[in-house]
Amino acid sequence: VSVGPDPSPDGNVTIFFAPAAEAKLIRLLNLNGQVLDQWRPIGYKIDKMPVKLPDQSGTYILEIYIDQTRITRKVIRN
């Protein structure tokens, strides 16, 4: 799983899944651990998913749950 572009100048990033995976839950968190948004793309395998970061510049965390595994990725909004 990768995320790009990082850093993001406009807040638009894409999560890339290789191979395609059935993500159960995707959460966007700030550095304090607050959940800012979440998505449940249940029922089908995806190879990429667009995500809009908040308008405020800063560092954010994406938590991606696939099967029984939690994957975290840091992304920066300029």
Side-chain angles (χ1 to χ4, degrees):
V1 175
S2 61
V3 178
D6 186 22
S8 173
D10 62 0
N12 293 307
V13 298
T14 302
I15 303 171
F16 297 97
F17 300 88
E22 187 176 336
K24 301 293 184 191
L25 174 65
I26 299 170
R27 299 192 318 171
L28 176 66
L29 298 93
N30 64 18
L31 289 180
N32 294 324
Q34 286 181 297
V35 177
L36 304 176
D37 208 345
Q38 67 180 15
W39 305 270
R40 295 181 184 272
I42 296 175
Y44 55 92
K45 291 187 176 188
I46 54 176
D47 60 354
K48 63 182 176 179
M49 179 177 166
V51 173
K52 177 73 172 155
L53 299 176
D55 292 335
Q56 183 178 6
S57 63
T59 303
Y60 298 93
I61 303 294
L62 286 165
E63 284 187 342
I64 303 131
Y65 293 84
I66 299 172
D67 296 321
Q68 300 300 319
T69 305
R70 180 182 75 169
I71 300 165
T72 58
R73 294 291 183 262
K74 177 181 72 171
V75 64
I76 297 171
R77 161 91 192 239
N78 283 343

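Pro41 and Ile26 make their closest contact through CG-CD1, 4.2 Å (heavy atoms, listed as atom of the first residue, atom of the second, distance). Ala23 approaches Ile66 most closely through the heavy-atom pair CA-CG1, 4.2 Å. Closest approach of Ile46 to Tyr44, counting heavy atoms only: CG2-CE1, 3.1 Å.
Between the CG atom of Asp37 and the CG atom of Leu29 there is a distance of 10.5 Å, given to the nearest 0.5 Å. Rounding to the nearest 0.5 Å places CD of Gln34 at 11.0 Å from CG of Leu28. Note that OG of Ser8 is 10.5 Å distant from CD1 of Ile76, once rounded to the nearest 0.5 Å. A distance of 9.0 Å separates OH of Tyr65 from OG1 of Thr72, quoted to the nearest 0.5 Å. Between Lys52 atom NZ and Arg77 atom CZ the span is 5.0 Å, to the nearest 0.5 Å. In this structure, CZ in Phe17 is found 12.5 Å from NZ in Lys45, a value given to the nearest 0.5 Å.
Annotation: Lys74, atom NZ; neighbour count of heavy atoms from other residues, nucleotides and ligands within 6.0 Å does not exceed 12. Around CG of Asp67, the count of heavy atoms belonging to other residues, nucleotides or ligands within 6.0 Å does not exceed 12.
Between Val13 and Asp6, every side-chain heavy-atom pair lies at or beyond the 4.5 Å cut-off. Between Glu63 and Leu25, the closest side-chain pair of non-hydrogen atoms is not below 4.5 Å.
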Item to complete: Begin with the C-alpha distance, continue with both residues' side-chain angles, and end with the deciding distance and a verdict on side-chain contact (heavy atoms from CB on, under 4.5 Å) for Leu62 and Val1.
Response: CA-CA 11 Å; Leu62 286 165; Val1 175; over 6 Å; no
Worksheet item: Going through the distances and angles, do Ile61 and Arg73 end up as a side-chain contact (heavy atoms from CB on, under 4.5 Å)?
Response: CA-CA 6 Å; Ile61 303 294; Arg73 294 291 183 262; over 6 Å; no
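In terms of hydrophobic clustering, with Ile, Leu, Val, Met, Phe, Trp and Tyr side chains grouped at heavy-atom distances under 4.5 Å, Trp39 and Leu53 are assigned to a common cluster. Grouping the Ile, Leu, Val, Met, Phe, Trp and Tyr side chains by contacts below 4.5 angstrom, directly or via other members, places Val75 with Leu36.
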